[in-house]
Amino acid sequence: MTICELKTFDLDAILNLYSAVGWTNYTENPDMLKKAYENSLLTLGAYDGDKLVGVIRTVGDGYSIVFIQDILVFPEYQRKGIGTQLIREVMERFSSVYQMELMTDNAPETISFYQSVGFVKADDMDGCAFIRI
C-alpha cells in the first residue's frame with residue numbers, strides 16, 4: 001500500500017470511491033466535489049498498485065485547526081489498516097496544530113476506530129458540536 005499526496009485529481013477514480021461507500025451527496029454533485037478537492041488543505045490517497053483504494057481530505061489553516069472532512073476506503077479494503085495509515089499520516093504532518101477535528105456517524109465501530117487513533121468525543125471534553133446543513 002502506498003500513501004501519497006494528491007496534487008492532481010482523477011475525478012472518476014474519486015467518484016468511484018465515494019460511490020462504493022454510498023456517499024451520494026458527493027456523487028450527485030461532482031462539480032462541487034471537484035472544487036472541494038481543489039480547495040482542500042491536504043488530500044492523501046492510498047493506492048494498491050495503480051488503484052485508488054482510500055482517501056483522506058482535510059480543510060483548515062494547518063496551524064490552529066485541521067478538520068478531517070472525508071476519510072473513506074473501498075469496502076473490500078476496509079479493516080486492513082488503511083484508514084489508520086491515512087489518519088496517522090495527517091496527524092504526523094500536522095503534529096503541531098492546536099486542534100484536529102472530525103465529524104462522523106455515531107456507530108460504535110466508528111467511535112472505536114477514532115478513539116483507537118487518539119480522538120475523543122467532544123462531549124467527553126465538556127464540549128458540544130453544532131452543524132448547519
Side-chain angles (χ1 to χ4, degrees):
M1 198 63 48
T2 304
I3 307 262
C4 61
E5 186 171 349
L6 298 180
K7 295 190 184 260
T8 60
F9 308 107
D10 179 345
L11 189 58
D12 289 334
I14 292 167
L15 285 168
N16 189 30
L17 182 54
Y18 280 77
S19 179
V21 297
W23 289 16
T24 58
N25 184 52
Y26 291 98
T27 59
E28 293 171 359
N29 297 290
D31 290 336
M32 180 266 298
L33 183 63
K34 181 178 184 288
K35 288 176 184 169
Y37 267 72
E38 290 171 347
N39 290 286
S40 295
L41 177 63
L42 174 70
T43 304
L44 301 174
Y47 287 88
D48 183 4
D50 291 338
K51 181 181 180 180
L52 180 67
V53 297
V55 72
I56 190 167
R57 185 171 72 87
T58 65
V59 295
D61 59 33
Y63 296 94
S64 67
I65 186 151
V66 169
F67 191 93
I68 297 173
Q69 177 59 36
D70 298 332
I71 178 169
L72 47 154
V73 175
F74 266 112
E76 61 268 25
Y77 285 85
Q78 292 175 5
R79 304 217 178 272
K80 297 184 179 193
I82 297 167
T84 300
Q85 284 181 285
L86 288 167
I87 286 197
R88 290 195 192 284
E89 181 69 26
V90 165
M91 292 170 77
E92 183 177 309
R93 288 184 187 222
F94 296 107
S95 61
S96 62
V97 74
Y98 172 70
Q99 185 173 312
M100 189 171 292
E101 298 181 20
L102 61 90
M103 183 171 288
T104 189
D105 59 322
N106 203 21
E109 62 274 8
T110 306
I111 293 168
S112 293
F113 170 72
Y114 289 112
Q115 288 174 333
S116 76
V117 292
F119 284 82
V120 297
K121 293 175 71 176
D123 57 348
D124 291 346
M125 298 176 62
D126 288 330
C128 67
F130 293 89
I131 187 168
R132 180 180 170 267
I133 296 179

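Just so we're clear, the structure is a prediction, and the values are computed from it rather than from any experiment.
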What one should report as the nearest heavy-atom pair of S116 and R88 is O-NH2, 4.0 Å

How close do I14 and F9 get, counting heavy atoms only, and between which atoms? CD1-CB, 3.8 Å

Tell me whether M125 at atom CE has more than 12 heavy atoms from other residues, nucleotides or ligands lying less than 6.0 Å away. no

May I ask whether F67 and I133 are part of the same hydrophobic cluster, defined by side-chain heavy atoms of I, L, V, M, F, W, Y residues being less than 4.5 angstrom apart, directly or through others? yes

Shortest non-hydrogen contact between A46 and I3, atoms and distance: CB-CD1, 3.9 Å

Shortest non-hydrogen contact from Y98 toward S64: CB-O, 3.4 Å

Any side-chain to backbone donor/acceptor pair from T110 onto N106? Under 3.5 Å, distance only. no

So do E89 and I56 actually touch side chain to side chain, heavy atoms under 4.5 Å? no

Walk me through whether M32 and N25 qualify under side-chain contact (heavy atoms from CB on, under 4.5 Å). CA-CA 10 Å; M32 180 266 298; N25 184 52; 4.0 Å; yes

Heavy-atom closest contact (R57 atom, Y26 atom, distance): NH2-OH, 4.0 Å

Between K34 and E38, is there a side-chain N and carboxylate O pair less than 4.0 Å apart? yes

Honestly curious: do L33 and F74 fall in one hydrophobic cluster under the side-chain, below-4.5 Å linking rule? yes

Got a second to check how far Y37's OH is from Q69's CD, nearest 0.5 Å? 9.5 Å

Do K80 and V73 make a side-chain contact, defined as non-hydrogen atoms from C-beta onward lying under 4.5 Å apart? no

More than 12 non-hydrogen atoms from neighbouring residues, nucleotides or ligands closer than 6.0 Å to NZ on K35, yes or no? no

If Ile, Leu, Val, Met, Phe, Trp and Tyr residues are connected whenever their side-chain heavy atoms lie under 4.5 Å apart, and connections chain through other members, are I131 and I111 in the same group? no

CG/D50: more than 12 non-hydrogen atoms of other groups inside 6.0 Å: no

Could you grab the distance from atom CD1 of I87 to atom CG of L102, nearest 0.5 Å is fine? 6.5 Å

Is it the case that the side chain of S19 and the backbone of N16 share a donor-acceptor pair, with hydrogens and angles ignored and the cut-off at 3.5 Å? no

Close side-chain approach of P75 and V21, heavy atoms under 4.5 Å: yes

Could you check M1 against V53 for side-chain contact (heavy atoms from CB on, under 4.5 Å), going step by step and ending with a plain yes or no? CA-CA 9 Å; M1 198 63 48; V53 297; 3.6 Å; yes

Would you say L42 and L72 are hydrophobically clustered, going by side-chain heavy atoms of ILVMFWY under 4.5 Å? yes

Are L52 and L15 connected in a single hydrophobic cluster, I mean Ile/Leu/Val/Met/Phe/Trp/Tyr linked by side-chain heavy atoms less than 4.5 Å apart? yes

Closest approach of G83 to F113 (non-hydrogen atoms, all atoms of both residues): C-CZ, 3.7 Å

Before you tell me yes or no, could you show the steps for I68 and F119 under side-chain contact (heavy atoms from CB on, under 4.5 Å), namely the whole-Å CA-CA distance, both residues' side-chain angles and the distance that decides it to 0.1 Å? CA-CA 12 Å; I68 297 173; F119 284 82; 3.9 Å; yes

Can the positive tip of K51 be found less than 6.0 Å from the middle of the six-membered ring of Y77, inside 45° of the ring normal? no

Picking from D12, T8, L6, what satisfies side chain to side chain contact (heavy atoms under 4.5 Å, CB included) with D10? D12

D61 vs I65, side-chain contact (heavy atoms from CB on, under 4.5 Å): CA-CA, chis, key distance, verdict: CA-CA 6 Å; D61 59 33; I65 186 151; 3.9 Å; yes

How long is the gap from CD on E5 to CZ on R93, to the nearest 0.5 Å? 5.0 Å

Rounded to the nearest 0.5 Å, how far apart are OG1 of T58 and CD of E101? 13.0 Å

